[in-house]
> 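Can you keep this structure in mind? I'll have questions shortly.
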Amino acid sequence: DPDRAAAMAAYMKTSMPFHGVPTPQRREVLREAMARHPVTSQDEYRRAVTALWELPHREEKYLAVGVAITARRWITFENVDLYRRLIVEGAWWDFVDTGTARLIGKVLLEDPDRLWPLLDVWIDDEELWIRRAADLGQLKKKERTEKERDHGERKEGGGGKGGECG
């Protein structure tokens, strides 16, 4: 829908092309695609997310994030580099805010010992969207992720006040 595509691009203030596919239809495409082609390995997960992400239209990138989120089994610390790519290249709230809390947040809940040190680095990253992701990944998870964390081990000057995160 060219008219809708133009309106969507104007709303998002982007030059990235849109097909004009509204969210409910995108969700249905994602459901059908995941049902027909379930992700059965780490390699498939990375290939599917990357292949969709590299397509030019914004809805295709939304589908990449959707696949990353939907294939929950593969949301692991080993894929944080992929999530960082989506954050840096997406560099806008619609990608970062949607994917971060779910992807980084799930990794944080399941593998906090490995992810906290990385988030401590991200909170001071030169890239705005990485800093935002470090904060958003903790949303609604603070008590579950920080109660056993020793704030004294947080690196000097690491973003929070008095060693606190976020």
> Quick one: does any side-chain atom of Glu110 pair with a main-chain N or O of Val107 as donor and acceptor, under 3.5 Å?
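It does not hold such a pair.
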> Can you list everything that forms a salt bridge (charged side-chain N to carboxylate O under 4.0 Å, His left out) with Asp81? Sequence neighbours excluded, please.
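Salt bridge (charged side-chain N to carboxylate O under 4.0 Å, His left out) list for Asp81, sorted by chain: Arg46.
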> Using modelled atom types and a 3.5 Å cut-off, is there a donor and acceptor pairing between side-chain atoms of Gln25 and backbone atoms of Val21?
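Checked: no pair found.
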> Judged by atom type as modelled, is there a donor-acceptor pair below 3.5 Å linking the side chain of Tyr45 to the main-chain atoms of Ala68?
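Flag set: sc Tyr45 to bb Ala68 pair under 3.5 Å.
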> How long is the span from the CD1 atom in Ile130 to the CD1 atom in Ile123, to the nearest 0.5 Å?
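Reported to 0.5 Å precision, the distance equals 11.0 Å.
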> Between the side chain of Lys61 and the main-chain N/O of Leu55, is any donor-acceptor distance below 3.5 Å?
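Looks like yes, one N/O pair under 3.5 Å.
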> CZ/Arg58 to CH2/Trp92 distance, rounded to the nearest 0.5 angstrom?
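The CH2 atom of Trp92 is 8.5 Å from CZ of Arg58, to the nearest 0.5 Å.
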> Is Asp125 salt-bridged to Arg132, going by a charged N under 4.0 Å from an acidic O?
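No, Asp125 and Arg132 are not salt-bridged.
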> What pairs with Glu126 under side-chain hydrogen bond (donor to acceptor under 3.5 Å, both in side chains), at least two apart in sequence or on another chain?
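Result, side-chain hydrogen bond (donor to acceptor under 3.5 Å, both in side chains) vs Glu126: none returned.
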> Is there side-chain contact between Leu108 and Trp116, with heavy atoms separated by less than 4.5 Å?
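The answer is yes, as the side chains (C-beta and beyond) meet within the 4.5 Å cut-off.
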> Could you tell me whether a side-chain N or O of Asn79 sits under 3.5 Å from a main-chain N or O of Leu82, the two making a donor and an acceptor?
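It does not hold such a pair.
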> For a quick test of reading the model, state the closest non-hydrogen atom pair linking Val65 to Gly99 and the distance between them.
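Minimum heavy-atom contact is CG1-CA, 3.9 Å.
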> If every non-hydrogen atom of Pro22 is compared with every non-hydrogen atom of Arg4, which pair is closest and at what distance?
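So the minimum-distance heavy-atom pair works out to CG-NH1, 3.0 Å.
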> Could you pull out the closest heavy-atom pair between Pro117 and Pro112, with the gap in Å?
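Nearest heavy atoms, Pro117 then Pro112: CD-O, 4.2 Å.
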> Taking atom types as modelled, is there a side-chain donor on Arg47 or Thr50 under 3.5 Å from an acceptor on the other?
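Distance-only check fails for Arg47 and Thr50.
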> What distance do Leu63 atom CG and Thr70 atom OG1 have between them, rounded to the nearest 0.5 Å?
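These two atoms lie 9.5 Å from each other.
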> Taking Thr76's backbone N and O only, do any of them form a donor-acceptor pair with Lys106's side chain (distance below 3.5 Å, no angle check)?
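Not at all, since once roles are kept as given, no pair shorter than 3.5 Å links the two residues.
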> Checking Tyr83 now: which residues fulfil ring-ring contact (aromatic ring centres under 6.0 Å, His included) with it, not counting sequence neighbours?
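For Tyr83, no residue satisfies ring-ring contact (aromatic ring centres under 6.0 Å, His included) once neighbours in sequence are set aside.
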> Salt bridge between Glu127 and Arg131, side-chain N to carboxylate O under 4.0 Å?
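Answer for the salt bridge query: no.
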> When rounded to the nearest 0.5 angstrom, what distance separates CG in Leu103 from CD1 in Ile69?
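Spacing of CG (Leu103) from CD1 (Ile69) equals 5.0 Å.
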> How about Arg72: does its CZ atom have over 12 heavy atoms from other parts shown lying under 6.0 Å from it?
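Not buried by this count: 12 neighbours or fewer within 6.0 Å.
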> Could you tell me which non-hydrogen atom of Ala133 sits nearest to which non-hydrogen atom of Ile104, and how far apart they are?
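Residues Ala133 and Ile104, closest heavy atoms: O-CG2, 4.5 Å.
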> Quick one: CZ on Arg102 to CG on Asp97, what's the gap to the nearest 0.5 Å?
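Output value for this atom pair is 12.5 Å.
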> Below 4.0 angstrom, N of the basic side chain to O of the carboxylate: do Glu32 and Arg27 qualify?
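Judged by the 4.0 Å cut-off on N to carboxylate O distance, Glu32 and Arg27 do not form a salt bridge.
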> Are any non-hydrogen side-chain atoms of Val49 and Leu86 less than 4.5 angstrom apart?
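Yes; the side chains approach each other to less than 4.5 Å.
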> I'd like to know whether the aromatic ring centres of Trp53 and Phe95 sit less than 6.0 Å apart in this structure.
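Yes, they do, as the ring centres are separated by less than 6.0 Å.
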> Taking the side chain from Glu28 and the backbone from Pro24, do they hold a donor-acceptor pair closer than 3.5 Å?
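Not a single qualifying donor-acceptor pair exists.
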> Testing Val80, Leu115, Asp135 one by one against Trp122 for a side-chain contact (heavy atoms from CB on, under 4.5 Å), which residue passes?
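Going through Val80, Leu115, Asp135 one by one, the side-chain contact (heavy atoms from CB on, under 4.5 Å) with Trp122 is satisfied by Val80 alone.
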> Once rounded to the nearest 0.5 Å, what's the spacing between atom CG of Leu52 and atom CG of Leu30?
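Going from the CG atom of Leu52 to the CG atom of Leu30 covers 9.0 Å.
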